[in-house]
Amino acid sequence: MVMTITEKIIAAHTDLGEVRAGQFVYADVDVCLGNDITAPIAIEQFETLGIAQVLHPDRIVLVPDHFTPNKDIKSARNAKVLRDFAQKHQIKNYFEVGRVGIEHVLLPEQGIVVPGDLVIGADSHTCTYGALGIFSTGVGSTDIAACYATGKVWLKVPETIKFTYTGQLNEWVSGKDLILYTIGKIGVDGARYKAMEFGGPVIESLSMDDRLAMCNMAIEAGAKNGIIAPDHCTEVYVNDKAQRGYKFYSSDADCNYFETHEYDVSALTPQVAIPNLPENVRPVEDLSDIRIDQVVIGSCTNGRISDLRIAAQILKGKKIHPSIRLIVLPGTQEVYLEALREGLIEIFINAEGAVSTPTCGPCLGGHMGVLTEGERALSTTNRNFAGRMGHPKSEIYLCNPAVAAASAITGKISHPGLIT
Amino acid sequence: MKGKTWIYGDNVNTDEIIPARYLNTTDLKELSSHCMEDIDSDFVKKAKRGDILVVGENFGCGSSREHAPLSIKFFGISCIIAKSFARIFFRNAINIGLPIFESKEAASEIREGDEVFVDLNLSKIIDLTTDKEYSFTPFPDEMKDIIEAGGLMEYVKSNQFKG
């Protein structure tokens with residue numbers, strides 16, 4: 001039977017041999033992720049089962065990245081729940097402050113997730129790892145608790161929508177722009193319950209950082225997972241990182257897609273999602289008079305080294321606009337160190353930006369840059385729901401790191417081409 | 001399940017159902033005291049235990065935070081009728097035993113304040129105010145098993161989680 005890459009990976013994690021879209025399965029989980037917001041509930045639920053030990057401690061990953069370094073006493077208590085659980089169950093993939101990074105930047109970088117894996121995470125952006133040819137999906141805390149006990153997850157095999165990108169990308173146009181453009185086309189529920197499979201010549205020439213940014217936002221179209229078939233770029237990325245053996249899967253040529261979309265992206269310019277949904281996408285040049293208060297560069301979408309490089313390229317030797325607060329968050333300690341070595345951190349500080357230790361912080365209005373009433377942020381994060389970064393009457397615009405850096409200089413949403 | 005309805009539109013997201021500023025706790029009483037706060041700051045004052053939410057497309061989109069369905073369940077909302085649910089919210093509701101029903105017709109026609117009754121045996125949503133009946137999308141058998149067990153933890157405890 002012909003199958004999509006998503007169906008093949010799910011099938012390989014059951015004893016069924018083959019699966020088809022719509023089928024209900026129990027699948028073996030290679031990596032089961034939780035963070036300092038979602039894992040405490042999972043741990044409380046697991047403890048109601050009265051089981052002494054988790055089934056596979058080596059498959060559990062605990063990343064306290066959202067409200068750490070602990071922003072208040074309650075967050076400190078939640079972080080302690082993870083720390084104690086990791087110790088009790090001898091979970092080696094627990095990342096303490098100082099070693100921790102933003103989960104979806106950290107796990108691929110550390111080779112904890114590898115091509116062909118089936119990964120679940122109690123975090124909606126777990127779909128990021130699809131960039132490596134992984135079936136990876138966001139679930140809830142109770143799913144994680146059940147997985148601690150059984151090693152498995154219940155899944156309905158998703159139908160797949162295939163997106164093919166052709167043409168040549170313009171300067172300053174990145175994976176972030178491709179996914180914003182796509183969400184703008186299909187809407188925030190355009191891929192609800194579906195797999196989004198990205199391919200075509202543009203994807204084949206895209207860097208892994210850009211592929212990760214694309215798959216990261218599949219959830220913003222309602223998708224179960226985003227996925228890109230592994231290729232040479234994947235091999236280069238994983239071969240010195242992978243902690244386990246890996247396997248490359250791809251869709252059969254004549255497999256069944258629910259829908260197919262083909263976009264010629266040669267004319268695409270940097271895209272910006274305006275409040276209050278990621279589907280409200282406009283070309284940056286249509287938004288040139290939008291004044292902003294805060295610029296955030298970082299997150300599980302755009303907190304990787306190539307994101308910081310492009311921002312630094314624009315900010316080098318410049319000062320940000322006097323009315324702007326710029327916050328830069330390297331995604332992991334490794335990204336932070338590399339940015340230091342390359343002089344990027346010095347560029348951000350000389351430009352009068354604030355550089356933070358890795359944290360999800362401002363993206364969800366947690367800490368490190370919460371907005372008050374009437375404030376407007378331009379951010380390289382993934383969600384611009386009303387009030388997500390703080391006060392319910394604050395606004396968020398989403399963009400790529402180049403647009404964010406350029407706009408930090410001008411004080412209003414700007415095309416990076418105007419700066420350099 | 002019988003209660004008075006409260007109506008909200010499309011794409012109600014988990015940041016609106018339970019804002020991240022309250023995610024530093026797992027205390028259900030505290031979470032439920034902020035239920036729906038950023039879409040309707042009066043919700044917890046005006047709604048009562050047993051009431052029913054009737055909502056549009058893609059309800060619960062956004063984050064995986066189980067705090068969202070938990071805050072609704074522990075506030076005492078008896079069920080949610082939606083045109084459609086976002087997928088993580090959908091599975092979280094099944095897993096924690098919060099009753100949810102998909103019916104585009106019911107979610108379009110029911111008005112705020114109507115008295116609504118959900119008959120599980122007959123698989124019917126009945127608007128007692130207008131006397132109209134609606135059907136809802138049935139759950140696959142495997143999901144029904146989890147729902148009937150009372151949620152995923154109960155299902156695991158009963159050794160039915162096959163794997």
Side-chain angles (χ1 to χ4, degrees), chain A residues 22 24 26-28 37-38 40-42 44-46 48-50 66-67 71-75 77-78 81 121-126 137-143 145-146 149-152 154 156 158 188-189 192-193 219-220 222-224 276-277 364-366 370 383 385-388 390 392, chain B residues 10-16 19-28 30-31 37-39 41 56-59 61-70 83-97 139-143 145-146 151-157 159 161-163:
Chain A
F24 191 101
Y26 291 92
D28 290 320
I37 288 179
T38 58
I41 293 181
E44 285 170 16
Q45 290 293 318
F46 173 77
T48 68
L49 295 174
H66 277 61
F67 292 163
K71 76 181 180 89
D72 54 30
I73 295 167
K74 287 179 178 172
S75 304
R77 177 253 170 206
N78 277 350
V81 170
D123 186 279
S124 60
H125 294 107
T126 303
T137 191
V139 296
S141 298
T142 299
D143 285 305
T150 66
K152 291 178 191 290
W154 66 266
K156 208 171 137 192
V188 291
D189 62 352
R192 212 164 40 86
Y193 298 114
I219 180 68
E220 308 313 330
K224 186 164 209 154
N276 289 315
L277 285 175
L364 74 163
V370 176
R383 234 165 236 163
F385 300 153
R388 176 165 165 93
Chain B
D10 293 341
N11 300 314
V12 174
N13 66 68
T14 51
D15 285 88
E16 292 171 319
R21 58 185 176 274
Y22 305 121
L23 298 185
N24 56 4
T25 184
T26 58
D27 182 76
L28 296 173
E30 194 179 337
L31 288 171
E37 185 167 304
D38 277 7
I39 188 154
S41 55
E57 301 281 359
N58 205 26
F59 183 80
C61 61
S63 148
S64 70
R65 60 187 73 159
E66 212 160 277
H67 313 64
L70 283 171
K83 287 185 187 166
S84 63
F85 291 95
R87 59 157 287 271
I88 306 179
F89 186 95
F90 180 88
R91 67 181 297 133
N92 283 346
I94 302 281
N95 285 344
I96 68 163
F139 295 101
D141 287 344
E142 295 89 343
M143 276 185 219
D145 293 344
I146 298 171
L152 189 61
M153 283 298 104
E154 294 305 317
Y155 192 62
V156 171
K157 277 179 210 166
N159 286 321
F161 192 100
K162 298 177 194 72

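Letters go in sequence order (proteins before strands), and every chain restarts at 1. Just so you know, these numbers use all the heavy atoms, side chains as well, and skip hydrogens, waters and symmetry mates.
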Practice task
Side-chain contact test, heavy atoms from C-beta onward, threshold under 4.5 Å: evaluate it for R65(B) versus I41(A) and give yes or no.
Solution key: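 They are not in contact (no side-chain heavy atoms under 4.5 Å apart), so the answer is no.
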Of the backbone (N, CA, C, O) and the side chain (C-beta and beyond), which part of [X] lies under 4.5 Å from a heavy atom of chain B, both, or neither?
X: A223(A); value: backbone
X: R383(A); value: side chain
X: E220(A); value: neither
X: D189(A); value: both

Handout entry: Among N13(B), D38(B), V12(B), side chain to side chain contact (heavy atoms under 4.5 Å, CB included) partner for F385(A)
Key =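 Among the candidates, only N13(B) passes.
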Exercise for the section: Count the heavy atoms of every other residue, nucleotide or ligand shown that sit under 6.0 Å from NZ of K156(A), and state whether that count exceeds 12. Expected result: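 No, the 6.0 Å shell around NZ holds no more than 12 heavy atoms from other groups.
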Nearest non-hydrogen partners of [X] and [Y], listed with the distance:
X: S124(A); Y: G62(B); result: CB-O, 3.4 Å
X: R192(A); Y: A86(B); result: CD-CA, 4.3 Å
X: N92(B); Y: V139(A); result: OD1-C, 4.3 Å
X: T48(A); Y: K157(B); result: O-CE, 3.5 Å
X: K74(A); Y: N24(B); result: CB-O, 3.2 Å

Problem - Between V370(A), L277(A), N276(A), T150(A), the one whose heavy-atom pairs under 4.5 Å with chain B are most numerous - result: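 With the most close heavy-atom pairs to chain B, the winner is T150(A).
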Exercise for the section: Return the option, out of A27(A), S141(A), P392(A), with the maximum number of heavy-atom pairs under 4.5 Å with chain B. Expected result: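 Maximum pair count with chain B is reached by S141(A).
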Handout entry: Check against side chain to side chain contact (heavy atoms under 4.5 Å, CB included), W154(A) and L152(B)
Key = CA-CA 10 Å; W154(A) 66 266; L152(B) 189 61; 3.9 Å; yes
Side chain, backbone, both or neither: which part of [X] has a non-hydrogen atom closer than 4.5 Å to chain A?
X: F85(B); answer: both
X: N95(B); answer: both
X: I39(B); answer: neither

Problem - side chain to side chain contact (heavy atoms under 4.5 Å, CB included) between S63(B) and L364(A), worked out - result: CA-CA 10 Å; S63(B) 148; L364(A) 74 163; over 6 Å; no
Handout entry: Whether F90(B) and Y193(A) hold their rings parallel, tilted or perpendicular, with breakpoints at 30° and 60°
Key =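 Perpendicular.
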Whether [X] side chain and [Y] backbone form a donor-acceptor pair below 3.5 Å:
X: E142(B); Y: F24(A); answer: no
X: Q45(A); Y: M153(B); answer: no
X: R87(B); Y: I219(A); answer: no

Exercise for the section: Test side chain to side chain contact (heavy atoms under 4.5 Å, CB included) on F67(A) and L23(B) and set out the steps. Expected result: CA-CA 9 Å; F67(A) 292 163; L23(B) 298 185; 4.1 Å; yes
Problem - Test log, rule side chain to side chain contact (heavy atoms under 4.5 Å, CB included), inputs T26(B) and R77(A) - result: CA-CA 10 Å; T26(B) 58; R77(A) 177 253 170 206; 3.6 Å; yes
